[in-house]
Amino acid sequence: MELKLIYPNIPFWRAEISRLALFFGGIEFEDFRPSREEITKMKSNGTLPFGQLPVLQVDGITIAQTGAIARFCGKLSGLYPSDNLFDAAKVDEVIDLATDITNQIRPSIREKDSKLRFKMRKELSESILPRWLGFLEKILDDNGDTGFFVGGSITIADLAAWRLCGWISGGIIEGIPKNILTTFPRLNTHQKKINALPKIIEWNNKFKK
Ligand SMILES: N[C@@H](CCC(=O)N[C@@H](CS)C(=O)NCC(=O)O)C(=O)O
């Protein structure tokens, strides 16, 4: 099976979840990271069914939507529960939550007026994100001391939440403090746990500048 995953050269969770799932599973794929010009071209020549990225091409046939791609890659790599409907649904829940949280932040990224943007980021930091991150914290809490979001081992839910929280607390979204996770002990520990996985270290080293 020939796999080509298409997303810009940034470690955003929407693409990293699938890139990493394939990497963890030792599954070969083309990690195509198009330039702006290439994206514009793909938007106009029909390569992107919904005009959005990521997309995954499987033997030349396109799958769009982050969750669909992630589940496909997770099933291939053994990072998506294959024999437990409940666990599979709980993994989906985390991925959908990551989408909801991203959608809370998105309007502030699109806002051109810096004053307004700052105001939006203040509200995100002080009330919106603490509330939504609290939902992620609760899922970890409900899963006991495994340290994972679902079941007793890593799934694509952990990859999604890890990269999402890494983005939110990474200091790159101006106005959102780096210490935003400190009041969420389970999420904090989860970040450290995933960061320390040998496969994650190996992956990060590949892209170190
Ligand atoms: N529903 C889509 C949303 C994907 C999405 O918003 N992708 C952004 C990049 S992170 C994009 O392609 N934006 C360009 C656009 O919407 O024109 C998914 O789940 O994959």
Side-chain angles (χ1 to χ4, degrees), residues 3-24 27 29-77 79-81 88-113 117 120-121 124 128-129 132-133 135-136 139 149-150 155-176 180 203-204 207:
L3 301 174
K4 180 175 178 177
L5 185 57
I6 308 178
Y7 196 79
N9 188 22
I10 48 170
F12 195 49
W13 75 271
R14 285 190 184 285
E16 283 300 87
I17 180 177
S18 294
R19 287 175 181 149
L20 278 165
L22 296 172
F23 181 68
F24 268 63
I27 296 159
F29 68 105
E30 184 184 347
D31 186 358
F32 179 48
R33 299 174 179 226
S35 64
R36 267 173 199 274
E37 295 72 37
E38 285 169 321
I39 293 171
T40 307
K41 208 165 159 191
M42 285 191 291
K43 277 189 179 188
S44 60
N45 71 12
T47 305
L48 311 179
F50 312 129
Q52 293 177 320
L53 290 166
V55 298
L56 176 69
Q57 294 175 344
V58 183
D59 291 333
I61 296 170
T62 302
I63 301 172
Q65 299 290 11
T66 302
I69 298 168
R71 278 185 285 277
F72 184 90
C73 295
K75 284 171 192 169
L76 279 181
S77 61
L79 295 186
Y80 186 82
K90 292 304 280 184
V91 169
D92 295 349
E93 182 182 87
V94 173
I95 295 172
D96 289 347
L97 191 50
T99 299
D100 285 348
I101 295 174
T102 303
N103 289 340
Q104 298 293 324
I105 301 170
R106 201 174 170 156
S108 77
I109 293 171
R110 300 215 156 159
E111 181 53 61
K112 297 260 187 315
D113 181 325
R117 193 169 59 244
M120 291 164 102
R121 294 279 164 81
L124 276 166
I128 298 171
L129 287 176
W132 286 85
L133 292 171
F135 298 147
L136 280 177
I139 299 173
F149 273 89
V150 181
T155 64
I156 51 172
D158 296 288
L159 297 176
W162 169 71
R163 264 320 299 146
L164 174 79
C165 291
W167 172 55
I168 292 173
S169 64
I172 48 172
I173 315 173
E174 206 188 356
I176 296 187
I180 189 149
W203 178 259
N204 286 340
F207 298 98

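For ligands, and for the atoms within them, numbers begin at 1 and follow the listed sequence. Since the model is a prediction, treat every value here as computed from it, not as a measurement. The figures that follow rest on heavy atoms only: side chains count, while hydrogens, waters and symmetry mates do not.
Numbered from 1 in the order shown, with element, the atoms of ligand 1 that lie under 4.0 Å from a heavy atom of G51 read 15 (C), 17 (O).
Nearest non-hydrogen protein atom to atom 3 (C) of ligand 1 is Q52 OE1, 3.4 Å. Of the protein's non-hydrogen atoms, Q65 OE1, 3.0 Å is the one closest to atom 2 (C) of ligand 1. Of all protein heavy atoms, the one closest to atom 20 (O) of ligand 1 is T66 OG1, 2.7 Å. The closest protein non-hydrogen atom to atom 5 (C) of ligand 1 is L53 O, 3.6 Å. In this structure, atom 6 (O) of ligand 1 lies nearest to the protein heavy atom R106 NH1, 3.1 Å. Among all protein heavy atoms, the one lying closest to atom 15 (C) of ligand 1 is K43 NZ, 3.7 Å.
In Y7, the part holding a heavy atom less than 4.0 Å from any atom of ligand 1 is the side chain.
Remark: the backbone N or O of T155 is paired with a side-chain donor or acceptor of D158 at under 3.5 angstrom. Side-chain atoms of R163 come within 3.5 Å of backbone N or O of P11 as a donor-acceptor pair. A side-chain donor-acceptor contact under 3.5 Å links R117 to the backbone of E111.
The shortest side-chain heavy-atom distance between T66 and P54 falls under the 4.5 Å cut-off.
Taking 4.0 Å as the cut-off between side-chain N and carboxylate O, K41 and E38 do not count as a salt-bridged pair.
The aromatic rings of Y7 and F12 sit parallel, their planes meeting at an angle under 30°, below the 60° perpendicular limit.
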